[in-house]
S.K.: 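What follows is a structure written as structure tokens; I'll ask about it next.
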Amino acid sequence: MGSSRWWRKMATGLSALLLCLRFCFGRGGFPFIHQSTAAPMVSYYDYIIVGGGTAGCPLAATLSQTYSVLVLERGGSPFRNPNITHLSRFGAALSDLSPKSPSQRFVSEDGVINARARVLGGGTSLNAGFYTRAGSPYIAKAGWDAKLVNESYRWVEKVVAFQPPLRQWQSAVRNSLLEIGIRPYNGYTLDHLYGTKVGGTIFDGYGRRHTSAHLLRYANPSGITVFLHAPVQKILFTTEGKPRPTADGVIFTDASGLNHWAYLRRGPNSEVIVCSGALGSPQLLMLSGLGPKRHLQAHNISVVLDQPLVGQGMSDNPMNAVFVPSPRPVEVSLIQVVGITHNGSYIEGASGENFGTDQTQSTRDFGMFSPKIGQFSTLPPKQRTQKALDRAIQAMRFLPRSAFVGGFILEKIMGPLSRGHLQLRTKNPNDNPAVTFNYFKDRGDLERCVQGIKMIEKVIESRSFSRFRYNYLPISSLLNMTANAPVNMLPKHANASRSLEQFCRDTVMTIWHYHGGCHVGKVVDRDYKVIGVDALRVIDGSTFDYSPGTNPQATVMMLGRYMGVKMLRERYAKNETYS
Ligand SMILES: Cc1cc2nc3c(=O)[nH]c(=O)nc-3n(C[C@H](O)[C@H](O)[C@H](O)COP(=O)(O)OP(=O)(O)OC[C@H]3O[C@@H](n4cnc5c(N)ncnc54)[C@H](O)[C@@H]3O)c2cc1C
Ligand SMILES: *[C@@H]1O[C@H](CO)[C@@H](O)[C@H](O)[C@H]1NC(C)=O
Ligand SMILES: *[C@@H]1O[C@H](CO)[C@@H](O)[C@H](O)[C@H]1NC(C)=O
Ligand SMILES: *[C@@H]1O[C@H](CO)[C@@H](O)[C@H](O)[C@H]1NC(C)=O
Ligand SMILES: *[C@@H]1O[C@H](CO)[C@@H](O)[C@H](O)[C@H]1NC(C)=O
Ligand SMILES: *[C@@H]1O[C@H](CO)[C@@H](O)[C@H](O)[C@H]1NC(C)=O
Ligand SMILES: *[C@@H]1O[C@H](CO)[C@@H](O)[C@H](O)[C@H]1NC(C)=O
Ligand SMILES: *[C@@H]1O[C@H](CO)[C@@H](O)[C@H](O)[C@H]1NC(C)=O
């Protein structure tokens with residue numbers, strides 16, 4: 001009797017311990033994820049991946065099948081953080097401005113408030129979840145092997161892609177897109193096709209987020225080590241006995257401020273692979289001595305390679321949106337439906353009054369368009385100061401509940417064509433670099449935006465959407481202001497509601513699809529190898545000069561898997577013996 005109770009206690013204790021091992025340390029069941037303070041001072045690997053983000057995780061999981069792989073991620077774990085794991089908390093991480101936040105806010109030189117990931121899983125741990133592939137022409141132009149691309153997408157989708165439940169408001173958006181002629185209807189599909197469709201999402205039926213870090217379940221546990229809170233300071237190069245600079249390791253810092261050295265194992269195929277994202281990758285190359293010589297010298301960085309194109313070609317797809325107050329309740333939804341037009345804009349929608357934890361006044365919110373997360377279109381970009389932002393957040397507290405009932409119809413333009421650049425501000429890799437996107441500098445972008453706004457007007461005026469708008473509010477007043485809400489509209493220029501061009505410029509926001517800085521053909525070659533040095537690649541959104549599909553995350557994850565498989569195949573083909 002006593003002993004059986006003892007056993008039961010032991011068994012309960014043991015299973016609690018096992019559960020805890022799985023979740024308490026935020027490892028999501030992955031025993032190979034550790035805090036950087038546990039890292040050895042010096043260690044050796046076949047591959048060192050800088051950044052456990054959208055591309056870094058699938059790449060690491062793949063290479064670990066055969067080789068020893070180290071992943072160094074500057075942020076923490078996504079697995080036990082409710083701000084990350086649940087759809088209803090979208091916005092919580094983005095509005096958390098503490099140094100520990102999984103999201104690091106930055107403001108581009110253009111004046112648009114933006115965010116970058118600082119967490120395992122990268123952008124997939126923060127984003128709105130919409131999952132959709134790149135179109136076939138995009139894949140052909142990139143020179144990718146279409147068969148392997150499809151296999152890689154499927155590999156990713158098995159773990160992270162789900163069909164969203166389509167409710168009333170999103171259905172109305174879908175019907176009105178069809179009504180205004182964005183046809184055919186392609187139903188639920190992950191493919192990028194002209195017409196109207198329902199896309200995938202990385203949130204499952206319970207609203208739980210599945211990130212690129214979940215792809216680590218494919219990893220070979222004995223081939224992979226992941227360190228969290230491990231910002232890489234610089235990539236190390238050797239020239240000894242080499243024809244040109246060759247990457248041979250990195251220096252990273254642990255959470256207590258101590259430096260650690262990770263080196264590549266000897267052998268012709270070991271590599272450092274930078275997957276630090278569109279801001280992080282060009283920044284880290286520069287900090288490591290690869291970049292425009294004069295700029296590096298101005299920061300006292302010793303030049304490894306004068307490469308003027310590092311940090312060039314930064315782009316962010318501008319997003320403009322119109323809030324449409326609704327006379328009836330609407331569901332909480334992030335993007336589910338998209339209209340893919342022939343004139344360079346994509347029309348999407350998001351609805352719902354609240355993405356907070358409870359229903360109290362103070363957490364009432366505009367979700368993807370809340371000033372709390374930095375979305376702030378009631379003032380033109382350069383006037384979006386912290387003070388003005390704080391005022392908008394305050395004002396939101398005094399709005400009646402009815403002001404939050406409704407949804408946003410947004411348009412994002414493809415491309416874009418406009419390009420900017422990135423420069424270091426400091427030598428600290430934790431600091432944001434200075435980035436300029438030059439929204440609408442190219443007239444083509446402005447024209448696409450104007451077309452997009454015209455389509456939005458048509459959607460709002462469509463019969464299919466009529467249940468979700470007040471009849472007495474004409475478009476001109478919608479564009480001008482809405483129920484005093486601190487969301488879009490109220491443009492500063494008096495001519496804005498008459499000139500859609502001015503409206504586009506005044507109300508521009510980001511949809512966080514920024515990319516570039518290490519373009520293919522400029523900084524890396526078609527195999528993503530950094531031009532001019534050896535044993536170094538960049539694989540992530542910084543290599544894109546055009547954003548893939550309507551939304552990039554599917555293609556960034558695909559690329560991580562795709563390149564991992566390609567690298568393994570190349571090494572098998574060489575028939576080398578390893579160990
Ligand atoms: C709020 C938000 C909403 C979005 N919504 C969608 C959406 O609905 N659908 C969609 O398809 N896309 C969406 N996106 C875009 C998409 O998530 C990103 O384009 C994509 O995740 C970028 O992937 P990446 O690998 O290039 O960079 P990231 O995923 O950002 O990966 C870079 C990683 O490197 C780490 N890192 C950087 N520097 C260092 C260093 N020095 N040392 C160590 N680690 C470092 C970072 O912490 C990060 O984890 C959204 C993005 C955001 C932010
Ligand atoms: C979640 O976000 C809120 C507000 O954005 C913040 O106060 C809180 O500390 C965050 N929680 C975690 C676990 O990061
Ligand atoms: C890849 O998949 C797309 C649809 O998702 C299809 O149109 C295309 O033909 C496929 N390509 C190959 C080479 O299988
Ligand atoms: C670069 O080094 C010089 C001399 O050591 C110093 O005077 C200067 O302030 C440094 N500049 C920067 C940007 O660190
Ligand atoms: C934009 O594209 C849509 C459908 O793709 C079409 O109905 C509309 O007429 C186009 N607008 C212009 C101005 O070409
Ligand atoms: C926009 O709103 C302002 C202030 O509320 C008003 O003065 C102006 O006439 C409005 N413009 C249009 C075009 O409705
Ligand atoms: C609108 O007004 C602003 C200044 O108030 C001006 O700079 C801009 O050129 C005007 N735009 C148009 C299209 O007239
Ligand atoms: C690979 O190596 C094996 C023996 O190690 C050899 O028999 C085979 O011919 C090699 N294949 C190629 C393609 O070199």
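Atoms within each ligand, like the ligands themselves, are counted from 1 in listed order.
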S.K.: Please say whether Pro82 places an N or O atom under 3.5 Å from an N or O atom belonging to ligand 2.
M.R.: no
S.K.: In ligand 3, which numbered atoms sit nearer than 4.0 Å to a non-hydrogen atom of Asn150?
M.R.: 1 (C), 2 (O), 3 (C), 8 (C), 10 (C), 11 (N), 12 (C), 14 (O)
S.K.: Report the nearest protein non-hydrogen atom to atom 1 (C) of ligand 1: residue, atom name, distance rounded to 0.1 Å.
M.R.: Trp512 CD2, 3.4 Å
S.K.: Looking only at protein heavy atoms, which one is nearest to atom 28 (P) of ligand 1, and how far off is it?
M.R.: Gly123 N, 3.8 Å
S.K.: Run the numbers for me: atoms of ligand 3, each under 4.0 Å from some heavy atom of Asp191, listed by number.
M.R.: 4 (C), 5 (O)
S.K.: Would you say Ile335 contacts ligand 1, with heavy atoms under 4.0 Å as the rule?
M.R.: no
S.K.: Return the closest protein heavy atom for atom 26 (O) of ligand 1 as residue, atom name and distance.
M.R.: Gly541 N, 2.9 Å
S.K.: Atom 11 (N) of ligand 3: protein heavy atom closer than 4.0 Å?
M.R.: yes
S.K.: From atom 21 (O) of ligand 1, work out which of Leu287, Leu559, Thr253, Thr54 has a heavy atom at the shortest distance.
M.R.: Thr54
S.K.: Do me a favour and list the nearest non-hydrogen protein atom to atom 13 (C) of ligand 2 with residue, atom name and distance?
M.R.: Asn81 OD1, 3.6 Å
S.K.: Starting from atom 9 (O) of ligand 2, what is the nearest protein heavy atom, named by residue and atom, and what distance separates them?
M.R.: Asp96 OD2, 4.3 Å
S.K.: With heavy-atom distances below 4.0 Å as the criterion, list the atoms of ligand 3 near Ala146.
M.R.: 13 (C)
S.K.: Going by the order shown, which atoms of ligand 1 are within less than 4.0 Å of some heavy atom of Gly122?
M.R.: 29 (O), 49 (O)
S.K.: For atom 2 (O) of ligand 2, what is the closest protein heavy atom, and at what distance to 0.1 Å?
M.R.: Asn83 ND2, 2.3 Å
S.K.: Which atoms of ligand 2 sit under 4.0 Å from any heavy atom of Ser95?
M.R.: 5 (O)
S.K.: Note the single closest protein heavy atom to atom 4 (C) of ligand 2, along with its residue, its atom name and the distance in Å.
M.R.: Ala92 O, 3.9 Å
S.K.: Tell me the protein heavy atom at minimum distance from atom 47 (O) of ligand 1, and give that distance in Å.
M.R.: Glu73 OE2, 2.6 Å
S.K.: Are Tyr514 and Phe106 an aromatic pair by the rule of ring centers under 6.0 Å?
M.R.: yes
S.K.: Looking only at protein heavy atoms, which one is nearest to atom 8 (O) of ligand 1, and what is the separation?
M.R.: Phe130 N, 3.0 Å
S.K.: In terms of atom number and element, which parts of ligand 1 are under 4.0 angstrom from non-hydrogen atoms of Gly51?
M.R.: 34 (O), 35 (C), 44 (N)
